[in-house]
Amino acid sequence: MSGYTGVTQEDLEIMLGAIGVASIDELFDSIPAGVRLRRPIDLPPGLPEQAVYAELRRLAARNVSAEDEITFLGAGMYDHYVPSIVDMLMSRSEFLTPYTPYQPEISQGGLQVMFEYQTAISELTGLPVSNASVYEGPSAVGAAAYLAKLANRRPRVLVSRGVHPDSRATLQTLAVGYGTTVEEIALDDGVTDLDALREAMGDDVSAVILQQPNFLGAIEDVAAIADAAHEHGALAICAADPLTLGVLEAPGNQGADVCVGEGQTLGNRLDFGGPSFGFFAATDAHIRRMPGRIAGETTDVDGRRGFVLTLQTREQHIRREKATSNICTSQALNALGGVVYLSWLGRTGITELAELMLQRTHYARETLAALDGVSKLHDRPVVREFALRLEAPVDKVLDRCAAAGINAGYRLGRTYDEHPDGLLVAITEQRTRADIDRLADVLGEAVAAERATAQVPA
Amino acid sequence: MSGYTGVTQEDLEIMLGAIGVASIDELFDSIPAGVRLRRPIDLPPGLPEQAVYAELRRLAARNVSAEDEITFLGAGMYDHYVPSIVDMLMSRSEFLTPYTPYQPEISQGGLQVMFEYQTAISELTGLPVSNASVYEGPSAVGAAAYLAKLANRRPRVLVSRGVHPDSRATLQTLAVGYGTTVEEIALDDGVTDLDALREAMGDDVSAVILQQPNFLGAIEDVAAIADAAHEHGALAICAADPLTLGVLEAPGNQGADVCVGEGQTLGNRLDFGGPSFGFFAATDAHIRRMPGRIAGETTDVDGRRGFVLTLQTREQHIRREKATSNICTSQALNALGGVVYLSWLGRTGITELAELMLQRTHYARETLAALDGVSKLHDRPVVREFALRLEAPVDKVLDRCAAAGINAGYRLGRTYDEHPDGLLVAITEQRTRADIDRLADVLGEAVAAERATAQVPA
Amino acid sequence: MSALDGGATPQQRERATTIFEKGAPGRRAFIAPELDVPQVDGLIPAGLRRAAPPRLPEATEPEIVRHYVNLSKRNFDLDSGFYPLGSCTMKHNPRLHERVAALPGHARLHPAQDPRRAQGALELMYELQGALAEIAGLPHVSLQPSAGSHGELAGVLLTRAYHADRGEQRTKVLTPDSAHGTNPATVTMAGYEVVKVALDAAGGVDVDDLRAKADESVACLMLTNPSTLGIFDPNIEEIAKIVHDVGATLYYDGANLNAVMGYSRPGDMGFDIVHFNLHKTFTQPHGGGGPGAGPIAVSDRIEPYLPRPQVVRREPANGGPPTYDLDEDRPKSIGKLRGFQGNYGVFVRTYAYIRSLGGEGLKDVSEVAVLNANYLLARLRERVGEHLPLAFGERCMHEFVLSGAPMKKELGIRTLDLAKRLLDHGMHPPTVYFPLVVDEALLVEPTETETRETLDLFVEAIAAIVEEAAADPDIARNAPYTTPVRRLDEAGAAKRPRVRETL
Amino acid sequence: MSALDGGATPQQRERATTIFEKGAPGRRAFIAPELDVPQVDGLIPAGLRRAAPPRLPEATEPEIVRHYVNLSKRNFDLDSGFYPLGSCTMKHNPRLHERVAALPGHARLHPAQDPRRAQGALELMYELQGALAEIAGLPHVSLQPSAGSHGELAGVLLTRAYHADRGEQRTKVLTPDSAHGTNPATVTMAGYEVVKVALDAAGGVDVDDLRAKADESVACLMLTNPSTLGIFDPNIEEIAKIVHDVGATLYYDGANLNAVMGYSRPGDMGFDIVHFNLHKTFTQPHGGGGPGAGPIAVSDRIEPYLPRPQVVRREPANGGPPTYDLDEDRPKSIGKLRGFQGNYGVFVRTYAYIRSLGGEGLKDVSEVAVLNANYLLARLRERVGEHLPLAFGERCMHEFVLSGAPMKKELGIRTLDLAKRLLDHGMHPPTVYFPLVVDEALLVEPTETETRETLDLFVEAIAAIVEEAAADPDIARNAPYTTPVRRLDEAGAAKRPRVRETL
Ligand SMILES: Cc1ncc(COP(=O)(O)O)c(C=O)c1O
Ligand SMILES: Cc1ncc(COP(=O)(O)O)c(C=O)c1O
C-alpha cells in the first residue's frame with residue numbers, strides 16, 4: 001500500500017474472496033513462466049514526498065534557467081511572461097485531470113475551450129478552420145505536408161531553408177514514412193530565394209513550406225511564395241510565430257492554405273522544450289483532411305447550445321488505417337493556456353505586445369550591430385529576433401557572456417553550417433532596454449576580448 | 001481603466017446617464033472641501049504584471065529562506081514540509097475567494113471544512129469543543145485568558161516563563177485592556193517551577209497558563225500544573241504545539257480546560273510569521289464563552305445533513321458589546337490547510353512524524369552537547385527542540401554558521417536575559433541526520449573558532 | 001421522470017459525509033521519512049506519553065483530494081459569480097498575488113530569521129508602511145494587527161495608552177448605531193464602556209447628540225466614513241472638532257476605504273487612528289473567513305505607543321544603501337498584539353496590488369466602486385424602488401442600503417427571503433439585516449471589478465424576484481431550491497450544538 | 001415550483017456564451033510594459049504589416065477568470081469522481097508532480113540552453129531513460145515522442161529504417177482486430193499496408209492466422225499485451241518466435257503497461273520496440289486531451305536508428321563527476337520527430353512518480369490495478385452478469401470488456417444508453433464501443449488508486465440502471481438529465497460544421 005493505493009488487509013480478504021482466488025499473485029497466472037520477471041524491478045526504493053521534492057529541487061538547481069540569467073535565447077521558443085491566470089486556470093482539477101472529452105455532456109467546459117481556442121487561432125492566422133491542437137511546432141509542419149499529400153498526392157515538397165531546422169528535420173523523418181521527397185530552397189540575404197523557388201516548382205510539387213518570421217528572424221513575403229506555389233497547384237504552408245501576427249499580416253490573408261506553428265509563445269512555459277502545443281489552421285477546403293480533434297457547435301435535445309468533437313470520421317478511432325492522421329492525445333491543456341493567454345492579451349494587447357517587441361528588436365539590432373566586430377547577418381526587416389555575424393568564435397563569446405550572467409543567444413553554427421559566425425538574438429517583452437544595453441556591454445567586451453586573444457600569436 | 005476594472009466610454013455614458021450626473025467627480029460631491037485630497041496619491045505609477053512579479057522576485061531574493069540554507073530555527077514556527085495537496089486545495093477558487101459563510105446554503109463546503117477541522121483539533125487536544133480558528137498562537141493565549149476572565153471574573157493570571165515570549169507579551173498587552181494582572185512563574189531547570197506556582201496560587205487566580213512543550217523545548221507536566229490550578233478553582237490553559245501531540249498526551253486528557261496554540265506546523269507556510277492560524281479548544285463548560293466562529297451540524301428543510309455557523313449569540317455581529325470576543329475575520333483558509341494536512345498525516349502518520357522528530361531531536365541534542373564548548377541548557381525530556389549553552393558569543397557563532405549555509409537556531413538572549421549564552425535548536429522531518437551531522441561540524445568549528453579568538457589577548 | 005430523485009439537483013442527492021467517515025483503518029497518504037538515527041526508547045516519561053493516538057482520518061491521497069475537491073464544489077465563490085456583500089468589498093483577487101506570495105524567498109522565510117538576512121521582507125514592509133501612510137494621510141503605520149477587529153483593538157488600546165500616559169483615566173468610547181459589531185465588541189474587550197451616538201435624519205452622526213455625550217470621560221469616537229450606510233458624513237470636520245475638543249481620539253474603521261482613495265484621507269478628516277482591512281480594500285482573498293490583516297496608521301501623538309517591533313530603515317553613515325531592521329526598543333509601546341511581525345504573506349499581496357495600480361489606479365478603484373454602486377442603485381430604484389427604497393438620501397458612495405420593509409409589508413416576503421431566492425439565480429446576496437439601524441436592511445456593495453453587464457443581471461434578478469413574490473410569495477419564502485442544501489435549521493443547531501464529528 | 005425553469009438544473013439554465021461574446025470594446029486585462037526605446041516607424045514594409053488586428057476578446061481579468069472558472073465547472077474530472085475509462089488509465093494525479101514541474105529551474109529552462117548549463121535536466125532525462133529501460137526490459141530509450149501515437153509512429157519508422165538498413169523493402173504491418181485505432185492509422189502514415197490478424201476464441205492472437213500471414217513482406221507486428229480486452233496473451237512466446245522468424249519486428253503498444261509492472265517486461269516477452277504512455281501508466285494528468293509523452297524503449301538491433309538527439313552520460317577521464325550531453329551525431333538515426341528534446345515537463349512528473357514509488361511501488365500499482373479490476377468484474381458478474389457478460393474468459397488483467405449485447409436485446413437499452421445514464425449517477429462511463437471486436441463493448445479500467453468503496457458504488461449504479469431499464473428503458477434511452485447539457489446532436493454538428501465563433 002502506497003499513499004496512492006489503499007487496499008487494507010480487510011479489503012484484500014473481501015476482494016480476493018469475491019474474485020475466488022487465494023492471492024493477488026494468482027491473478028497473474030495467465031502470464032507464462034517464460035516471460036516472467038523473477039526479481040524485483042531494479043530501481044531505487046520509493047521516497048516520501050518531501051524527499052522527491054528535494055531531489056527535483058536538486059536537479060532544478062543544476063540548470064541555468066531564464067530565472068537565473070538574462071536570456072536572449074530564442075530559436076523557436078521564447079521567454080515570455082506567463083500571466084498568473086494561465087497557471088491558475090491550467091491547474092484547476094476540472095481542466096487538468098479529465099481525458100479527451102469523449103462524453104460531451106460532462107465535458108462542455110473543455111469542448112467550449114477548444115471551440116474558443118479554434119476561434120482565436122482562426123483569427124490570428126486568417127484561416128477559417130483550426131483544429132484543437134497538435135503536439136508542437138515542428139511536427140505540425142510534418143503533419144501539414146501530410147495534409148498536402150492527402151490533398152493532391154504529389155510526390156515533392158519544397159521547404160525553405162528559413163524554416164526551423166527542427167521542423168525541416170521532422171518533416172524529413174515523417175516524409176520518409178508517407179513517401180514524400182523533401183527539397184530545400186536556399187535563402188538569399190536572409191529570406192527565401194524566390195527565384196530558386198520558382199525554378200524548383202513544378203506540377204509534381206505538393207506543397208511549399210515557409211516560416212514567418214523565418215529562423216534568421218527575417219519577415220518573409222508570404223504572398224509571393226504562396227503565389228509561386230499556387231501557380232503550380234501546390235499548397236502554400238506557412239509556419240508562423242503566432243505572437244508576431246499582432247503586427248504581421250495573417251498568412252491566411254496572404255494566400256497560405258495551411259498555417260501551423262509552435263504555440264509556446266502563447267502563455268506556455270519554456271519547460272526545456274515541452275509540453276507546449278502546435279496549432280494547425282487551414283482553408284475550408286481542407287476541413288475534412290485536418291489532423292486531430294476539432295470541436296464543433298451543436299445543440300442538445302432540449303435545444304441548448306453545446307459543443308462536441310466533430311468530423312470524427314477523419315480520426316483514427318473511427319477510420320483507423322484510413323484516418324487523416326494517427327494523432328490521439330494532443331495538447332488540450334496547453335491550448336487552454338493559449339486561449340487564456342490570448343484572451344488576456346486581447347485585441348489591442350496583442351498588437352501592443354508585438355509592436356513593443358518590434359521596437360525593442362530594432363533597437364537591439366542597431367545597438368549590437370554598432371559594436372566593433374559585430375554586424376548584421378542580413379538586412380531584412382525583423383520583428384522579434386535577428387541574426388548577427390561576430391568576428392570572434394561564437395562559442396567562446398557566448399561563454400564569456402554567460403559568465404557575466406547574460407545568455408547572448410543562439411549560435412547559428414549549431415544548425416547552419418554556412419553561418420559558423422552567426423548569432424541569433426531574441427527579444428521578448430521581458431527584455432528591457434536596460435537588459436539590451438547590458439547585453440551590448442557584455443557582448444562588446446566579449447568580442448573584443450576574444451579578438452584580442454586571437455591576435456596573440458599562438 | 002486598469003486590467004481589473006472595465007468601464008468603457010460607452011459604459012460610462014450609460015451609467016452616468018442612469019444616475020443622472022455629468023461626471024464621476026460629481027458622485028463625490030458629498031465630501032466636504034476641507035477634507036479633500038487635492039493632489040494625486042503620491043505613490044509610484046502602476047506597473048504591468050511582469051514588472052510587479054520582477055519586483056517581488058527582487059525582494060524575495062534579498063531574503064535567506066529555508067529554501068536557501070539548512071535551518072534549525074524554530075521558536076514557535078517550524079520548517080515542516082507542506083504537502084502539495086494542501087497548496088492545491090488552498091488555491092482552489094471555491095476555498096480561496098469566498099467570504100465568511102453567511103449564506104450557509106451556498107457555503108456547505110467551507111462550513112463542513114470547519115466542522116472537520118474542529119473535529120481534528122478536538123481529537124488532537126482531547127477537548128470536546130474547538131472553534132473554527134483564531135488569528136494565531138500568541139493572541140490565542142490572550143484570548144484564552146479572556147475566556148477565563150469571562151468564566152470567573154478573577155483578577156490574576158499566572159503564566160509560566162516557559163510560555164512563548166510573544167505569547168506572554170501579547171497576553172500582557174491584551175490583559176491591560178480587559179483588566180487582568182499577569183504574573184510570571186519562573187522555570188526550574190527548564191520547566192515550570194511547580195513550587196513557585198503553588199506559592200503564587202490563590203482563589204483570585206483566574207487561570208494558569210503553560211506551554212507544551214515549553215519555549216526551551218522541555219516537556220511540561222501538564223497534569224500537575226492543571227491540578228495546582230484546579231485546586232484553587234482556576235482554569236488551566238495549555239498552549240501546545242499540535243504536531244507534538246502525536247507523542248505527547250493530549251492536554252485535555254491531563255486536565256487542561258482550554259488548549260490553544262499556533263497552527264503553522266499543520267501544513268502552513270512560514271511566511272515570515274503569517275498568515276497561519278491559531279486553534280482554540282475547550283471543555284463543554286465553556287462552549288458559550290468561546291471566541292470566533294463555530295460550525296455546527298444541522299439539517300435542512302428536506303432533512304438533509306448540513307452545517308451552519310452556530311452559537312452566534314456569542315459573536316460581535318449579534319451581541320455587539322456583550323460579545324465574548326471582537327473577532328470577525330479569522331483564518332479559515334489556513335485552518336483548511338490544517339485539516340487537509342492532518343488528514344494527509346492521518347492517524348498513524350502523526351505519531352510516526354512526531355516519533356521521528358523525537359528520535360532525531362534526541363540524536364541532535366546528544367551530538368551537539370558532546371561538542372567542545374557546548375552543553376545542554378537543561379536536562380528535561382524534549383520532543384522537537386532543545387536549548388544549548390555555548391561557551392562562545394552566540395551571535396558570532398550564528399554568523400559563522402550562516403556563512404557555512406547553516407542557520408543553527410534561535411539566540412535565546414533575544415528574549416531570555418538569563419540565557420545570554422543560550423541557543424535553541426529545532427528539528428523537523430526535513431532535517432535529516434546528515435543535516436544534523438553537518439550542523440555539528442559547523443557549530444563545533446564555529447564555537448572553537450570563537451573561543452580561539454576570545455583567547456587572543458586584546 | 002428526469003433526475004434520480006425527484007427534483008433534487010445532483011449535488012443535493014449526495015449526503016454530506018465528512019473525511020472522518022471516509023477511508024478505512026490502515027489507509028494513509030503520508031509516507032514517513034525513514035528513521036536515520038539510532039532508535040532510543042523511553043525518551044518521553046510514561047505519564048506524559050500519549051496513550052491513544054488522535055483519531056485522525058485514515059485515507060489515501062486520492063480519497064482526500066476527491067473529498068475536498070467535492071466539498072469545494074459546495075461553495076459559492078467570487079470567481080464564479082457576483083458577490084455584492086456589503087461592507088465586505090468582494091473585489092477580484094488577482095492571482096499574481098498568490099504567485100508572488102508563494103515565492104520561496106517569501107513563503108519559506110522564517111519569522112525569526114536574522115533581520116540582516118531578511119532585508120527583502122523588511123524593505124517590503126517598510127515600503128508598505130509608507131504607502132499605507134500616504135493613503136491614510138497619517139504618518140506612522142504598524143502592520144501587526146491580523147484583521148480589522150484586531151486593528152480596532154490595537155487602536156483602542158493605543159487610545160488607552162495615550163490617555164494613561166497623560167495621566168487620564170477615561171471610561172467611555174462612543175460609536176454610532178450604524179457601527180459594525182466589532183466596534184462595540186472591541187470597546188468592551190479593551191475595558192471601556194460603549195456609549196451609542198444617534199444618527200441624524202440623513203444617516204450621519206447626530207452632531208447634537210455627539211456634543212451632548214462628548215465629555216472628558218470619553219476616550220474615543222469610533223467611526224466608519226463613509227458609514228455602513230454608504231454615506232460620507234458631511235459633518236466630519238465638526239465631528240472631529242467636537243471629539244478633539246474633549247481630548248478624545250478619533251478612530252477610523254477603514255472597512256469602507258474603498259470608497260474614497262484619491263478623494264479624501266482619514267488623516268485629513270481629522271482621524272488619529274485608522275485601520276485598514278487588507279482583505280477588503282487591498283484584495284487579500286477572503287479565504288472563506290480569513291486570513292486578513294488589519295494594519296493601523298496613526299498620527300504623531302499616537303506614535304509612541306505603537307506595537308513593537310516597528311520596521312525601521314537606517315541610512316548608513318557612509319552613504320551606502322539603506323538597511324532595514326526591527327525596532328523592539330519602544331519603551332511606551334502597548335507591546336505586542338500577536339507573534340512575530342504580522343501576516344507577512346498578506347503584506348506581499350497588498351504590496352503587489354499597490355505596485356500594480358499605483359496612485360492613479362487606486363483612485364480609479366474608488367471612482368469605479370462609487371460609479372458602480374450609484375449605477376446599480378439608480379437601476380434598482382427605477383425597477384424596484386417602490387418595494388426596496390433607499391434607506392437614506394439620494395445617492396451613495398461605494399455601497400448603499402435598501403430597506404425591505406415595504407416589500408415585507410406589501411408583498412409578504414422578507415429581506416431574508418429575497419436573499420435566499422437570489423441564491424437560485426446564482427448570485428451571492430447582499431449583506432442582510434446590517435446595518436441594524438435600517439429595518440430589513442439590504443447592504444449592497446458591487447465593487448469596482450464588476451462590469452455593467454453583471455450589475456444589469458443583478459437588477460433583473462431582483463426585479464424578477466419581486467415580481468414573482470407579487471404573484472406568489474411562497475416561492476421566495478421557501479427558497480432556495482437549487483443549492484446543495486436548502487434552508488437550514490439554525491435554531492436547532494444552536495440548541496443542541498453538534499460541533500464535531502462523533503467517532 | 002422549485003427551480004427557476006422547470007426541471008432544469010442551475011447549470012442547464014445558463015446559455016453557453018463564449019469569451020468572444022463577453023467583455024466590451026476597449027476592455028482589457030493586459031497592461032503593456034512601457035516603450036523604453038525610441039519609437040521608429042515603418043519597420044515593417046507596408047504590404048507585410050497586418051491590416052486589421054485579430055478580433056481577440058476584449059475583457060478584464062475578472063471577466064476572463066470568471067468565464068473560465070465557470071467553464072471548468074461544466075467539466076467532469078478525475079478529482080471529482082470515478083473515471084473508469086478503459087485503455088486510458090485514469091489514475092490519481094499527484095499534485096507533487098505539478099509542484100516540482102513548476103520549479104523555475106525546470107519550467108523556465110530554455111530548450112536551446114547550452115547542455116553544460118542544463119545538467120540537471122539532462123541528468124533527469126538520462127536517469128528516466130534508465131528507469132524506463134529497466135521497466136521495459138529493453139536497453140535503449142528515446143524520450144522524444146510526444147504521445148502514444150507519436151511513439152507508435154517512431155516505432156514503425158524505426159522498423160522501416162532497420163529493414164532498409166538491411167536492404168529490405170517490406171510492405172505490411174500486422175495488427176490484431178482488437179488494436180487501438182492509432183495502430184492502423186500509424187501504419188498508414190508510415191507508408192505500410194495494414195494487415196489484420198484474427199483473434200482466437202480466448203481473445204488472444206490467432207496463432208494460426210498469424211503464421212499464415214507472417215512472411216518476408218511483413219515488417220512488424222503491433223501488439224498490446226495485455227490486449228485491449230484486458231487479456232494477457234498466453235501465446236506471446238510463440239507469437240514472438242513467428243514474427244522474429246520472418247525477420248519482422250515486434251512492437252509493443254504500451255498503453256496497458258499498468259497491468260504488468262514487476263510481473264513481466266515487454267523486452268522479456270520478445271518485443272523489439274515499446275512505447276510508454278507517460279500520461280497513463282505514469283500519471284501525467286490528461287489535461288482534457290493532452291499533453292502526454294510517448295517515450296520508446298528498443299532492443300540493441302534497433303538502437304542505431306533511434307531519433308536524435310540522445311541524452312548521453314560521459315564519465316570524465318579524470319574520474320570526476322559524470323556529465324550529460326545531447327548526442328546529435330547519430331548517422332543511422334531516423335532523425336527528429338519533433339522540436340528540441342521532447343516533453344520535458346512530462347518527464348519531470350514521471351521521474352517524480354518513479355522516485356516516489358520505487359520498484360516495489362510500481363509492482364504494487366500493477367497488483368492493485370489487477371486486483372481492483374478483477375474485484376469489480378466479479379461483483380458486476382454477480383449483479384448484472386446476465387445482461388452484461390464478460391466478453392472473453394473468466395478473469396482479466398487491469399481492465400475488462402463487458403458486452404452490452406444481451407442488455408440491448410433483452411432490456412432494449414444500448415451500451416450508449418447505459419453510459420449516458422451513468423452520467424446522472426455522477427460517474428464517468430467506461431470506454432464504449434471499443435474494442436471493436438466486442439458487440440456493444442464496455443471497457444472498464446478502474447485503476448489502482450480507487451478504493452473498494454468506489455468500486456462498490458459503481459456496481460450499485462450499474463445494477464440500478466439495469467434494473468431501472470427492465471422497468472422502463474426510456475429512462476436510460478433519454479438520459480442524461482442532470483448534466484449541463486443533455487444528449488447533443490453530433491450528426492448535425494458534422495453535417496454543418498461550425499468550428500469557430502462567428503464575430
Ligand atoms: C465596517 C466594518 N468594520 C469592521 C469589520 C471587521 O473587520 P475584520 O473582519 O477584518 O475583523 C468589518 C468586517 O466585516 C466591517 O465591515
Ligand atoms: C491501446 C492504446 N494504444 C494507443 C493509444 C494512443 O496513445 P496516445 O493517445 O497517447 O497517442 C491509446 C490511447 O488511448 C490506447 O489506449
Side-chain angles (χ1 to χ4, degrees), chain B residues 5 15 18-19 30 35 41 43 45-46 56 59-60 62-67 73 93-94 97-98 100 105-106 108-110 119 123 135 138-139 166 169 173 177 269 271-275 296-298 300 305-306 310 316-317 320-321 323 326 329-333 343-344 347 349 352 363 433, chain C residues 16 29-30 32 36-37 54 56-57 71-72 74-79 100 103-105 107-111 117 119-120 146-147 149 181 184-186 190 194 232 269 285 287-292 335-336 338-340 343-345 358-359 361 368 374-375 378 483 485-486 489 493 498 500-501:
Chain B
T5 56
M15 294 169 86
I19 300 168
S30 59
V35 303
I41 302 178
L43 288 174
L56 274 291
L59 291 167
R62 299 193 65 209
N63 299 324
V64 181
S65 81
E67 198 101 347
L73 256 185
S93 298
E94 293 85 341
T97 69
T100 301
E105 297 88 349
I106 51 166
Q108 285 299 297
T119 307
E123 279 296 317
Y135 303 133
S139 56
D166 284 355
T173 301
R269 304 165 175 168
D271 268 345
F272 200 46
E297 186 177 336
T298 188
D300 80 353
R305 186 187 196 189
T310 195
Q316 46 76 27
H317 62 288
R320 303 179 67 87
E321 63 269 23
N326 71 335
T329 294
S330 55
Q331 311 287 134
L333 188 69
S343 301
W344 180 79
R347 187 171 184 153
E352 291 170 357
Y363 172 80
R433 177 184 185 149
Chain C
F30 170 71
D36 51 4
V37 297
L56 295 177
L71 268 192
S72 79
R74 297 169 79 85
N75 264 3
F76 182 87
D77 73 294
L78 183 56
D79 286 345
V100 295
L103 288 168
R108 288 191 71 191
L109 180 60
H110 194 288
R117 293 191 286 134
Q119 286 294 297
S146 308
S149 61
T186 297
V194 175
F232 195 97
M269 301 177 208
K336 286 179 140 293
R338 50 161 292 158
F340 301 113
N343 281 342
Y344 176 74
V368 180
N374 278 286
Y375 173 71
T483 47
V485 294
R486 298 183 51 217
D489 181 5
R498 280 177 50 84
R500 55 156 293 173
E501 186 70 295

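In the text below, chain A, chain B and the rest are named by the order of the sequence lines, each starting its count at 1.
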Any chance you could measure [X], atom [atom1], to [Y], atom [atom2], to the nearest 0.5 Å?
| X | Y | atom1 | atom2 | answer |
| --- | --- | --- | --- | --- |
| B:Glu67 | C:Arg108 | CD | CZ | 4.5 Å |
| C:His110 | B:Asp271 | NE2 | CG | 12.0 Å |
| C:Asp77 | B:Glu94 | CG | CD | 5.0 Å |
| C:Asn75 | B:Ser93 | CG | OG | 11.0 Å |

Trace of the side chain to side chain contact (heavy atoms under 4.5 Å, CB included) decision for C:Phe232 with B:Val35: CA-CA 11 Å; C:Phe232 195 97; B:Val35 303; 4.1 Å; yes
Heavy-atom closest pair, residues C:Pro57 and B:Ser343: CG-OG, 3.7 Å
Minimum heavy-atom distance B:Ala332-C:Gly288, with the two atoms named: CB-O, 3.3 Å
Just give me the residue among [options] that pairs up with chain B most often, heavy atom to heavy atom, under 4.5 Å.
| options | result |
| --- | --- |
| C:Leu78, C:Asp36, C:Thr483 | C:Asp36 |
| C:Ala493, C:Gly335, C:Ala147 | C:Ala493 |
| C:Gly292, C:Ala32, C:Gly339, C:Gly361 | C:Gly339 |
| C:Ala29, C:Ser72, C:Ser146 | C:Ser72 |
| C:Gly358, C:Gly345, C:Pro291 | C:Pro291 |
| C:Pro285, C:Ala185, C:Gly289 | C:Gly289 |

B:Thr310 portion near chain C, given a 4.5 angstrom heavy-atom threshold: side chain
B:Thr97 and C:Asp79: side chain donor to acceptor below 3.5 Å: no
What residue in [options] has the most heavy-atom pairs under 4.5 Å with chain C?
| options | result |
| --- | --- |
| B:Glu105, B:Arg433, B:Glu321 | B:Glu105 |
| B:Ser30, B:Ala18, B:Gly349, B:Ala66 | B:Ala66 |
| B:Gly306, B:Ala323, B:Ala169, B:Gly296 | B:Ala169 |
| B:Met15, B:Glu297, B:His317 | B:Met15 |
| B:Arg305, B:Glu352, B:Gln108 | B:Arg305 |
| B:Thr298, B:Leu56, B:Asn63 | B:Asn63 |

Part of C:Val485 within contact of chain B (heavy atom distance under 4.5 Å): both
Pairing of C:Lys336 and B:Asp166 as salt bridge, 4.0 angstrom limit: yes
Side chain to side chain contact (heavy atoms under 4.5 Å, CB included) between C:Leu109 and B:Arg269, intermediate numbers included: CA-CA 9 Å; C:Leu109 180 60; B:Arg269 304 165 175 168; over 6 Å; no
From CA spacing to verdict: side chain to side chain contact (heavy atoms under 4.5 Å, CB included), B:Arg62, C:Arg117: CA-CA 7 Å; B:Arg62 299 193 65 209; C:Arg117 293 191 286 134; over 6 Å; no
